[in-house]
Amino acid sequence: MPEHTPAPLPSRAVYGFVLYLGSRSALGLYFVWSILPDSILHSLGLTYWPHKSWAVVLPIFGCVLLALFAFMFYPGLNFLLVPPVDDLRTITDSHSIPLNLSLQSEIPPASDLPLSDVCRHLYLAERPE
């Protein structure tokens with residue numbers, strides 16, 4: 001049974017090293033293709049390559065996708081996961097500690113404040129004129 005731990009195992013080290021070498025090789029091949037003129041590539045026998053404009057289009061396309069994800073999809077997903085404002089889960093949950101007024105001491109015990117008390121203190125307090 002495989003162990004679910006982020007500890008460095010020998011198989012993970014091999015996979016990581018192969019991934020590192022593959023990504024570096026792909027980046028090197030991308031730079032060679034984008035910088036060398038077509039005549040040099042054809043003289044090496046490499047005749048089928050995408051148009052050189054894709055060397056600029058692909059990074060820009062990646063940046064646009066990253067910006068769309070960061071500014072639209074990710075916040076939209078978070079909005080879908082948040083309960084509505086009138087849902088009871090926005091006020092209390094399974095970890096709430098109700099306020100126990102029977103325990104009178106100098107230091108009150110840790111508890112959640114009722115929403116009505118917080119609103120009364122914040123919004124209905126008398127303001128000096």
Side-chain angles (χ1 to χ4, degrees):
M1 180 173 208
E3 194 175 316
H4 298 290
T5 175
L9 301 174
S11 62
R12 287 185 186 166
V14 170
Y15 290 145
F17 184 64
V18 168
L19 184 62
Y20 171 76
L21 288 179
S23 64
R24 289 294 175 153
S25 300
L27 182 65
L29 184 64
Y30 173 76
F31 282 139
V32 165
W33 163 69
S34 64
I35 294 173
L36 287 180
D38 284 335
S39 59
I40 294 176
L41 293 174
H42 290 298
S43 68
L44 295 173
L46 305 171
T47 57
Y48 182 73
W49 290 95
H51 195 266
K52 295 284 184 173
S53 64
W54 285 102
V56 175
V57 171
L58 286 179
I60 292 173
F61 187 68
C63 289
V64 167
L65 283 179
L66 181 67
L68 280 175
F69 178 76
F71 295 114
M72 293 180 74
F73 297 128
Y74 189 66
L77 181 65
N78 284 335
F79 283 138
L80 288 175
L81 295 176
V82 173
V85 176
D86 58 348
D87 192 355
L88 192 59
R89 290 177 292 169
T90 59
I91 300 171
T92 178
D93 62 1
S94 62
H95 302 287
S96 296
I97 303 171
L99 181 62
N100 190 353
L101 295 176
S102 65
L103 298 174
Q104 296 294 334
S105 65
E106 291 183 18
I107 300 175
S111 64
D112 294 330
L113 297 175
L115 185 62
S116 59
D117 290 348
V118 173
C119 289
R120 188 176 306 113
H121 179 72
L122 288 176
Y123 304 117
L124 295 178
E126 292 184 25
R127 299 174 199 262
E129 293 185 28

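Quick caveat: nothing in here was measured; it's all calculated off a predicted structure.
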With rounding to the nearest 0.5 Å, note down the distance linking CG in Leu41 to OG in Ser43.
7.5 Å
With sequence neighbours excluded, tell me which residues meet salt bridge (Lys or Arg N to Asp or Glu O under 4.0 Å) with Asp112.
none
Please list, chain by chain and in numerical order, all residues satisfying salt bridge (Lys or Arg N to Asp or Glu O under 4.0 Å) with Asp87, sequence neighbours excluded.
Arg89
Would you give me the side-chain donor-acceptor pairs under 3.5 Å for residues 26-40, sequence neighbours excluded?
unit_1: Tyr30; atom_1: OH; unit_2: Ala55; atom_2: O; d: 2.4
unit_1: Trp33; atom_1: NE1; unit_2: Pro50; atom_2: O; d: 3.4
unit_1: Ser34; atom_1: OG; unit_2: Tyr30; atom_2: O; d: 3.1
unit_1: Ser34; atom_1: OG; unit_2: Phe31; atom_2: O; d: 3.1

In Å, rounded to the nearest 0.5 Å, how long is the span from OG of Ser53 to CG of Leu58?
9.0 Å
With a sphere of 6.0 Å drawn around CH2 of Trp54, does it hold more than 12 non-hydrogen atoms of other residues, nucleotides or ligands?
no
So CZ of Phe73 and CG of Leu65: to nearest 0.5 Å the spacing works out to 8.0 Å
Establish whether Val64 and Met72 are linked, either directly or via other cluster members, by ILVMFWY side-chain heavy-atom contacts under 4.5 Å.
yes
